[in-house]
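A short worksheet on the structure shown next.
Throughout, protein chains are lettered first and strands after them, A, B, ... in sequence-line order, and every chain is numbered starting at 1. This is a predicted model, so every value here is computed, not measured.
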Number of protein chains: 2
Amino acid sequence: MARPTVATDTSTRILDVAERLVQKRGFNAFSYADVADALNVTKASLHYHFPTKAELGACLIERYRGSFLGALQRINDAHVDAVAQLRAYAAIYADVLENDRMCLCGMLAAEYATLPAAMQDGIRRFFDGNEAWLVSVLTAGRRKQQIAFAGRPVDAARVLVAALEGAMLLARSRQDATQFRTVARRSLADLRVVKQAAAE
Amino acid sequence: MARPTVATDTSTRILDVAERLVQKRGFNAFSYADVADALNVTKASLHYHFPTKAELGACLIERYRGSFLGALQRINDAHVDAVAQLRAYAAIYADVLENDRMCLCGMLAAEYATLPAAMQDGIRRFFDGNEAWLVSVLTAGRRKQQIAFAGRPVDAARVLVAALEGAMLLARSRQDATQFRTVARRSLADLRVVKQAAAE
DNA sequence: GTCTATAGGTGGATAGAC
DNA sequence: GTCTATCCACCTATAGAC
């Protein structure tokens, strides 16, 4: 069992600052100097906790992935129907954007070709995990007739992830979170079961 | 009237190489040295054509936007129905991805916060132009009952752009262009008019 | 238009004192 | 664990010869 570390642990604070910088500016556009300035320490001190930028980046991804998948698990634990699960899924993205941040792994996906292999692997695992969760929700939801869609669940999942990541990307350049929410709402609406005689 | 310049004009070749580098690696991850090496000239020579990297970036965006909007105009000139127009629109994206490139402005949208103001303006203009074209196609297509969707055309347009840009982003990290095409096809399918008695 | 040479800055990373 | 000091590579950009 790991020894409990307080939330203000130095490594954690470094990761917090670095995460924010990557989500706002990208991995190639932030430096150890940026993090050091924000924490009032020296660059050398950062290298004690994360010897190389590549390792820092890999840790960022692993933490983000764990936190994200943890949130998905909590959605499952809420035992709500598929529509509510998908709304909660989109809400995670909306919360990220609320602070003018891009999804960490969406940002890194853009820089993918320039990143070390360990980071590339982590990014793929993040999206694989996202897809797997969505596939389980979409499969169960369709079986229970809570949602409707044609074709393979994995393809419907990819449309959702693509729309949400793309909408974050675009909303940031317009500084308009409303635009993201509208895209998210419409993307989920495409999965809703049409009520036969609903007045709508 | 501008003096005609051959296609192998030096400035053009610089833009070609820089465009490819930005689409593959991002604006912050390529340098004058990269372009110079590819063209077998010196960095100093590049600065004669594009004094600063910011100006080079702004020129890249303007050229890309003009080329993209030109392609949209040619789609209009083909006088096909809305479904075919939208398919042709998605095909432009697919062609970009075919060379393992990201949409130039999608890539730059990720790096948006780190870019000079002139480039930020250009990126917004690119997406505004895309949206405007889609809105006109969606509006006319719905009026002619070639396609169907709820709500404002601009919102349907944004879902499409988001899905396509997001799908490019994700397909690159999986090196799987098929994944992009599937997302594109499904996104367009959501706009298709449901044939009442179609066997499907 | 292209070159050599170089300035002036910042990048990630290390050695060694405390 | 944090510091000072430093290394070396690379960055954008400029001066001035050809």
What is the distance, to the nearest angstrom, from the [atom1] atom on [X] to the [atom2] atom on [N]?
X: Glu55(B); N: dA13(D); atom1: CD; atom2: C1'; value: 12 Å
X: Asn28(A); N: dC11(D); atom1: CG; atom2: C1'; value: 13 Å
X: Leu39(B); N: dG1(C); atom1: CG; atom2: P; value: 15 Å
X: Leu21(B); N: dC11(D); atom1: CG; atom2: C1'; value: 15 Å

- Quick one: do the Thr114(A) and Glu111(A) side chains pair a donor with an acceptor below 3.5 Å?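 Absent: no donor and acceptor within the cut-off.
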
- Item | NZ or CZ of Lys53(B) within 45° of Phe27(B) ring axis and under 6.0 Å | yes

- Task: Can you measure from OG1 (Thr139(B)) to NZ (Lys144(B)) and round to the nearest 0.5 angstrom?
- Result: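 So the gap between those two atoms works out to 11.0 Å.
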
- Distance col, row Phe180(A):CZ vs Leu169(A):CG, nearest 0.5 angstrom, shows 11.5 Å

Table of protein N/O atoms under 3.5 Å from nucleotides 11-14 of chain C N/O atoms:
{"unit_1": "dG11(C)", "atom_1": "OP1", "unit_2": "Ser31(A)", "atom_2": "OG", "d": "3.2"}
{"unit_1": "dG12(C)", "atom_1": "OP1", "unit_2": "Phe30(A)", "atom_2": "O", "d": "3.4"}
{"unit_1": "dG12(C)", "atom_1": "OP1", "unit_2": "Lys53(A)", "atom_2": "NZ", "d": "3.1"}
{"unit_1": "dG12(C)", "atom_1": "OP2", "unit_2": "Tyr32(A)", "atom_2": "N", "d": "3.0"}
{"unit_1": "dA13(C)", "atom_1": "OP2", "unit_2": "Lys53(A)", "atom_2": "N", "d": "2.7"}
{"unit_1": "dA13(C)", "atom_1": "N7", "unit_2": "His47(A)", "atom_2": "NE2", "d": "3.2"}

Pair up each side-chain donor or acceptor in residues 65-74 of chain B with any protein partner under 3.5 Å, not counting sequence neighbours, and list the distances.
{"unit_1": "Arg65(B)", "atom_1": "NE", "unit_2": "Glu62(B)", "atom_2": "OE2", "d": "3.3"}
{"unit_1": "Arg65(B)", "atom_1": "NH2", "unit_2": "Glu62(B)", "atom_2": "OE1", "d": "2.9"}
{"unit_1": "Gln73(B)", "atom_1": "NE2", "unit_2": "Asp77(B)", "atom_2": "OD1", "d": "3.2"}

- Would you say the side-chain atoms of Arg172(A) pair up with the backbone N or O of Arg101(A), donor to acceptor, closer than 3.5 Å? no

Would you say [X] reaches [N]'s phosphate, i.e. side-chain N/O to OP1/OP2 under 4.0 Å?
X: Tyr48(A); N: dT2(D); result: no
X: Thr10(B); N: dT2(C); result: yes
X: Ser45(B); N: dG1(C); result: no

- Message: Let's see if you get this right: which residues in residues 109-118 of chain A place a heavy atom under 4.0 Å from DNA chain D?
- Response: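 Going residue by residue through residues 109-118 of chain A, none turns out to have a heavy atom under 4.0 Å of DNA chain D.
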
- Item | Residue pair Leu97(A) / Ala177(A): nearest heavy atoms and the distance that separates them |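 Smallest heavy-atom distance, with atoms named: CD2-CA, 4.1 Å.
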
- Task: For Met107(A) and Val22(A), work out which heavy atoms get closest and say how close.
- Result: CG-O, 3.4 Å

